[in-house]
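Notes for the one structure printed next.
Counting starts at 1 for both ligands and their atoms, following the listed order.
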Amino acid sequence: MAEMVVASNRGPVQFEVDDDGNLTSGRGAGGMVAALGPALAGQAGTWVAAAISEGDRVAARRVARSGRLRTVELEQGTVRLRSLVIDPREYQSYYNRVSNRTIWFLQHYLFDVPRHPRFDRGFQLAWRHYESVNRAFAAACDDEAHRGGDVFVQDYHLALAPAMLRERRPDLGIAHFTHCPWADPDYFAMLPSRVAAAVLEGMLGADLLGFLVPRWARNFLRCCREAGFRMDPQGGTVQAADGRTVTVRAYPLGVDGDDLRARVAKVDAQVQQRAVTELARGRFLIVRVDRMELSKNILRGLEGYGMFLERNPRVRGRVVHYALAYASRRDLPEYQAYTAEVKHAAEAINERFRTRTWEPVVLELKDNYPRALAAMAMADVLLVNPVWDGMNLVAKEGPAVSRRDAVLILSRNAGAADDLGDGALVVNPFDTAELAEAFATAMAMPADERAKRASLLREGASALPPQDWFAAQRDDLAALRA
Ligand code: G6P
């Protein structure tokens with residue numbers, strides 16, 4: 001049992017079984033793991049996560065037989081992992097249908113509204129599975145947490161778990177953190193009212209609700225008000241149905257610059273830097289690093305780049321767009337279609353502009369962390385243009401590791417724009433003409449201005465590194481309980 005338990009759908013590592021039946025492991029994908037990994041490494045605590053891949057299930061069964069928890073090695077230290085094996089059908093509806101296709105789409109305004117969402121009988125069944133997986137997480141946290149301990153529940157997959165856990169264990173301190181944006185009340189109200197109420201009531205089972213930036217916290221508070229909860233927007237509190245006061249606060253997550261720079265200095269990332277230099281061949285290098293994700297706005301990024309080449313014939317042959325977009329949520333038809341469109345858009349630019357010696361776009365779909373770090377280190381421009389994004393850690397990792405004072409082109413709808421707005425070229429993510437101009441501005445920017453902006457970006461990026469970000473939540477939870 002542990003004094004501190006963290007619960008999230010995705011765990012810090014993902015296991016794969018190789019051809020000989022041996023287990024290999026790699027880093028879990030996405031911003032949530034990137035934040036929590038360094039925050040928790042080396043701390044006494046247990047991380048409860050779902051067994052997602054077949055390798056995760058094999059790994060979970062092996063430790064279950066031994067009756068112990070698995071200790072996993074992260075870059076920054078070790079963590080203890082409790083892996084939950086969930087019935088595959090239930091997991092599929094909880095993860096794909098409800099978490100990713102409904103709540104994620106909702107919080108990022110991704111619905112193709114004339115057609116979706118449709119809350120039919122299939123959704124109702126999926127919702128019951130979402131409830132039961134949340135219940136399984138609450139039971140596992142109950143199992144793992146010490147009397148009077150603290151539990152930190154993560155993200156939209158586990159919106160119901162805080163209230164379920166409180167019912168089982170009123171002795172615990174409970175916090176919940178949302179790693180994505182929160183939509184405004186009108187959009188949020190697209191959910192069936194029973195489901196919207198359950199999400200809010202579930203989260204309000206916590207003592208402390210964390211968001212990445214004040215805008216998302218404000219939207220959450222407004223949703224609570226619309227749903228009839230008493231709330232105090234100034235104090236950032238909501239009164240839960242049982243009369244408890246729940247605190248709602250923003251914790252603007254940053255990166256640990258020293259840590260990342262040490263990581264880039266390692267041999268594997270150095271080897272990749274040589275590969276990236278070879279790819280660029282002295283050309284102006286525009287980099288993006290994302291999951292292949294609808295909210296990341298990869299298509300409009302390519303469109304803006306194509307327009308930039310079209311309008312500026314003189315830059316042709318002198319610039320390369322290296323777009324890293326590694327596969328994500330491949331079971332969803334929307335993601336399959338998006339991947340195909342992205343490949344097609346990249347190919348269309350290449351077909352139109354390529355020469356015998358120049359390939360304008362290089363699209364990379366394989367997940368390779370050292371390669372991604374190397375690309376960020378060598379970039380002249382880092383493009384981060386999400387339609388909406390809770391924070392976007394790439395926007396902060398890039399400046400931390402940049403060796404070339406990279407210009408950051410940043411969507412105003414990323415939470416990161418709050419911290420990096422002074423140093424970045426901030427754009428409207430829907431305006432591809434503006435993006436094309438931003439590429440031209442970046443390419444023409446004098447070295448001293450690049451340096452000035454890069455220093456502002458480095459400062460903004462490391463304002464609240466993961467360990468401090470997590471410590472702030474721990475301290476606040478302790479203060480609220482005292
Ligand atoms: C975002 C979410 C995380 C999620 C990650 C990767 O960062 O906030 O909760 O883990 O994306 O997505 P995936 O569906 O692969 O876990």
Worksheet item: For atom 14 (O) of ligand 1, which protein heavy atom lies nearest, and how many Å away is it?
Response: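 Ranking protein heavy atoms by distance from atom 14 (O) of ligand 1, first comes Tyr95 OH, 2.5 Å.
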Worksheet item: How close does the nearest protein non-hydrogen atom get to atom 2 (C) of ligand 1, and which residue and atom is it?
Response: Asp155 OD2, 3.4 Å
Close approach, [X] and ligand 1, non-hydrogen under 4.0 angstrom:
X: Cys180; result: no
X: His157; result: yes
X: Gln154; result: no

Worksheet item: Ring centres of Tyr335 and Tyr338 under 6.0 Å apart?
Response: no
Worksheet entry | Tyr251-Trp469 aromatic ring centre distance below 6.0 Å | no
Discussion item. Does any N or O of ligand 1 fall below 3.5 Å from an N or O anywhere on Trp104, backbone included?
Written reply: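 No, no N or O pair falls under 3.5 Å.
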Worksheet entry | Gly31 neighbourhood, listing ligand 1 atoms whose heavy-atom distance to it stays under 4.0 Å |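 Listed by number with element: 7 (O).
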Item to complete: Could you tell me whether Arg10 approaches ligand 1 through its side chain, its backbone, both or neither, with non-hydrogen atoms closer than 4.0 Å?
Response: side chain
Worksheet item: What part of Phe177, side chain, backbone, both or neither, has a heavy atom within less than 4.0 angstrom of ligand 1?
Response: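 Within the 4.0 Å criterion, Phe177 makes no contact with ligand 1.
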Discussion item. Any heavy-atom pair between the side chains of Leu74 and Val13 that's under 4.5 Å?
Written reply: yes
Worksheet item: Within a strict 4.5 Å, meaning less than it, do heavy atoms of the Leu36 and Pro12 side chains meet?
Response: no
Worksheet item: Any ion pair linking Lys296 and Asp389 (charged N to carboxylate O, less than 4.0 Å)?
Response: yes
Fill in: Asp419 bridged to Lys396 by N-O distance under 4.0 Å
yes
Item to complete: Would you mind finding which of Met391, Gln107, Arg329 brings a heavy atom closest to atom 11 (O) of ligand 1?
Response: Arg329
Worksheet item: Do Trp104 and Glu293 get their side chains close enough for a donor-acceptor pair, meaning under 3.5 Å?
Response: yes
